[in-house]
Amino acid sequence: HQDLTVISNNTNIIQIMRPASLRSLVAIGGEVRPEDGAIVGGDAVAALANYKVDIAIIGTSALDPDGAALDFDVREVSVARAILENARETVLVADVSKFDVSAPNRICTLDALDTIVLDAPPPAPFAAAAKAAGTTLVIAEDFS
């Protein structure tokens with residue numbers, strides 16, 4: 001991993017990655033959201049414009065069966081969009097409970113994502129939309 005650089009807008013991820021043997025570990029600056037340690041807002045968006053990453057991994061608060069990734073916090077949406085825009089490959093990681101949640105702010109649609117990793121098969125309309133968008137759908141096995 002010594003050739004790997006990790007850039008994150010989350011204080012928890014930074015703490016988790018600190019002991020790893022990395023080339024570098026970069027914390028994106030900005031306003032810290034106390035409830036989950038996410039760094040959000042305009043300063044974070046501006047900082048992300050300084051980077052071009054090989055792989056971007058984002059999460060989401062909600063998934064719509066039509067393929068939209070959604071969030072409650074518009075500041076988080078801006079940061080997630082900046083992460084996706086500055087990446088060569090884009091990955092969304094979520095659990096299928098996100099299909100039971102509705103949030104008002106669109107992060108992106110499936111055409112902005114190269115890969116989606118879920119913990120179980122999604123609703124059929126979502127799987128069809130992913131296939132139509134050319135987005136790879138990966139169902140991760142539970143190893144617990």
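Of all heavy-atom pairs between V117 and A140, the closest is CG1-CB, 4.1 Å. When every heavy atom of L22 is checked against every heavy atom of M17, the shortest pair comes out as CD1-O, 3.9 Å. Scanning all heavy atoms of the two residues, the minimum distance from E85 to K52 falls at O-NZ, 4.0 Å. Of all heavy-atom pairs between F72 and P104, the closest is CD2-CD, 3.9 Å. Nearest heavy atom pair, residue L70 against residue T60, reads O-OG1, 2.7 Å.
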Considering only distance and modelled atom types, tabulate donor-acceptor pairs under 3.5 Å from the side chains of residues 37-51, sequence neighbours left out.
unit_1, atom_1, unit_2, atom_2, d
N50, ND2, A47, O, 3.4

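Under the 4.5 Å side-chain heavy-atom criterion for Ile, Leu, Val, Met, Phe, Trp and Tyr, I28 and V79 are members of the same hydrophobic cluster. Residues V91 and V138 fall within the same hydrophobic cluster, defined by Ile, Leu, Val, Met, Phe, Trp and Tyr side chains chained together at heavy-atom separations under 4.5 Å. Under the 4.5 Å side-chain heavy-atom criterion for Ile, Leu, Val, Met, Phe, Trp and Tyr, I58 and V6 are members of distinct hydrophobic clusters. Placement of V96 and L92 within a single hydrophobic cluster is found when ILVMFWY residues are connected by side-chain heavy-atom separations under 4.5 Å, directly or transitively. With hydrophobic clusters built from ILVMFWY side chains whose heavy atoms lie under 4.5 angstrom apart, I7 does not share a cluster with L4.
Expressed to the nearest 0.5 Å, how far CG of D73 lies from OG of S61 amounts to 8.5 Å.
Between D111 and T109, the side chains place a donor N or O and an acceptor N or O closer than 3.5 Å (distance only, hydrogens not considered). Using modelled atom types and a 3.5 Å distance limit, the side chains of S24 and T5 yield a donor-acceptor pair.
Residues L63 and P122 fail the side-chain proximity criterion, which asks for heavy atoms closer than 4.5 Å. Counting heavy atoms from C-beta outward, N9 and E76 have side chains that approach closer than 4.5 Å.
Contacts of T90 classified as side chain to side chain contact (heavy atoms under 4.5 Å, CB included), with partners at least two apart in sequence or in another chain: L84, A87, L113, D114.
Counting only residues at least two apart or in different chains, side chain to side chain donor-acceptor pair (under 3.5 Å) contacts with residues 92-106 comprise D95-S97.
The backbone N or O of L110 sits less than 3.5 Å from a side-chain atom of T135, completing a donor-acceptor pair.
The residues R88 and D54 are annotated as salt-bridged, a charged nitrogen and a carboxylate oxygen being separated by less than 4.0 angstrom.
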